[in-house]
Novice: 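Input: one structure, supplied below.
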Amino acid sequence: MTSRWAWDSESVPVSRKERLFCCACVRLVWDRFAGEEAGPEAVEAAEEFADGERTPRGLADARAAAVAACDAWGGRRSRYALQTRAALTAAAECAAAPSHYRVCQLVESAMPEEPEVARAAFQALRDDIAGPPTLTAFAPRWRTGTVTALAAQMYASRDFSAMPILADALQDAGCDSNDILNHCRDTIPHVRGCWVVDRILGQE
């Protein structure tokens, strides 16, 4: 999988988009946290940390609780619990950048029955977060109250089903960028870090 992000060194601080990508990948095995609270809380804590809404200590505490819960799962859960745990731990790491290749590898290992589906999902998430190599300039006049409110609501709720409605609102505001409008109407999953929503909310 190719990426325009440089994540290869463990000494490189993790960026916001890199962390959100790792969290989105771990959400692909969300069902493996069924009946557990610590796993989802650690992923949500990592997302909040990326946006400056959680302290390093708060993230470390959530990660420690998730690791303890994963240890408790042990042999009583699926035999892919170790890969799920490792991917979760990497996504919630706060000291250094987890390699996106490693997180993807671990998540793929936890989905052995459908590796091609996993790889396609990774690429879709990467496209949603990183965006095209050259991002379209976003005109300030497109950032109307309706556009901003829709983007903020989706970001806060983590429910991006209103992306086609956002496209209509952007078009009403005068947006004529095919890159932006087509992305909003694309059926790929949209997640925190979506490049269009980030442009609207002024996030990097």
Side-chain angles (χ1 to χ4, degrees), residues 3-7 9-30 33 37-67 87-100 102-104 106-107 121-122 124-132 135-136 138 140 142-163 165-166 169-170 180 183-184 186 188-204:
S3 172
R4 60 195 182 93
W5 296 321
W7 308 13
S9 171
E10 289 295 326
S11 64
V12 177
V14 62
S15 76
R16 170 179 170 273
K17 281 186 175 289
E18 291 164 356
R19 188 180 300 280
L20 291 175
F21 173 79
C22 288
C23 290
C25 287
V26 174
R27 282 179 175 272
L28 296 175
V29 288
W30 200 249
F33 301 131
E37 292 183 359
E41 285 181 357
V43 176
E44 290 174 358
E47 291 170 340
E48 292 167 3
F49 179 80
D51 288 324
E53 300 169 357
R54 180 84 58 132
T55 65
R57 177 56 184 273
L59 176 58
D61 288 347
R63 178 176 177 272
V67 169
L88 168 67
T89 302
E93 176 61 61
C94 64
S99 164
H100 67 300
R102 180 62 174 155
V103 173
C104 289
L106 292 165
V107 172
F122 299 150
L125 291 171
R126 179 242 175 237
D127 291 345
D128 185 56
I129 293 175
L135 295 182
T136 302
F138 196 93
W142 300 343
R143 200 176 282 112
T144 63
T146 300
V147 166
T148 302
L150 279 168
Q153 181 181 22
M154 287 189 290
Y155 197 90
S157 67
R158 298 180 175 86
D159 178 359
F160 290 82
S161 59
M163 287 295 288
I165 300 174
L166 178 63
L170 283 165
I180 291 175
H183 185 75
C184 289
D186 200 326
I188 67 170
H190 297 280
V191 296
R192 282 197 169 196
C194 167
W195 69 274
V196 172
V197 173
D198 273 4
R199 299 296 292 283
I200 295 169
L201 298 179
Q203 308 248 41
E204 294 296 336

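Residue numbers start at 1 and run along the sequence shown.
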Novice: Just by modelled atom types, is the A130 backbone N or O under 3.5 Å from a matching donor or acceptor in the K17 side chain?
Specialist: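 Such a contact is absent between K17 side chain and A130 backbone.
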Novice: Has Q153 got a side-chain atom pairing as donor or acceptor with L150's backbone, closer than 3.5 angstrom?
Specialist: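 Looks like no, no N/O pair under 3.5 Å.
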Novice: Is it true that a side-chain atom of D128 and a backbone atom of W195 form a donor plus acceptor pair closer than 3.5 Å?
Specialist: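 A pair under 3.5 Å: no.
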Novice: Considering residues at least two apart in sequence or located in another chain, which fulfil the salt bridge (Lys or Arg N to Asp or Glu O under 4.0 Å) criterion with D51?
Specialist: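 So D51 forms a salt bridge (Lys or Arg N to Asp or Glu O under 4.0 Å) with R16, R192.
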Novice: Looking at every heavy atom in both Y155 and F160, which two are closest together, and how far apart are they?
Specialist: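 Shortest heavy-atom separation between Y155 and F160 comes out as CA-CZ, 4.0 Å.
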Novice: Might you point out which heavy atoms bring R143 and I200 nearest each other, and give the distance in Å?
Specialist: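 Residues R143 and I200, closest heavy atoms: NE-O, 2.7 Å.
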Novice: To the closest 0.5 Å, what do you measure between CZ (F21) and CD1 (I129)?
Specialist: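 Answer for the CZ-CD1 pair, F21 versus I129, is 6.5 Å.
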Novice: For the residue pair V147 and L166, what are the closest heavy atoms and their distance?
Specialist: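 What the structure gives for the nearest pair is O-CD1, 3.7 Å.
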Novice: How would you list all residue pairs meeting salt bridge (charged side-chain N to carboxylate O under 4.0 Å, His left out) that involve residues 147-157, not counting sequence neighbours?
Specialist: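 Qualifying pairs: none.
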Novice: Can you see whether H183 engages D127 through a side-chain donor-acceptor pair at a distance of less than 3.5 angstrom?
Specialist: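 Checked: H183/D127 side chains show no N/O donor-acceptor pair below 3.5 Å.
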Novice: In plain terms, say whether E44 and R54 are close enough for a salt bridge, that is, a side-chain N and a carboxylate O under 4.0 Å apart.
Specialist: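 Salt bridge flag = no for R54 with E44.
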Novice: Between R19 and A46, what is the shortest heavy-atom contact and its length?
Specialist: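 Shortest heavy-atom contact: CD-O, 3.1 Å.
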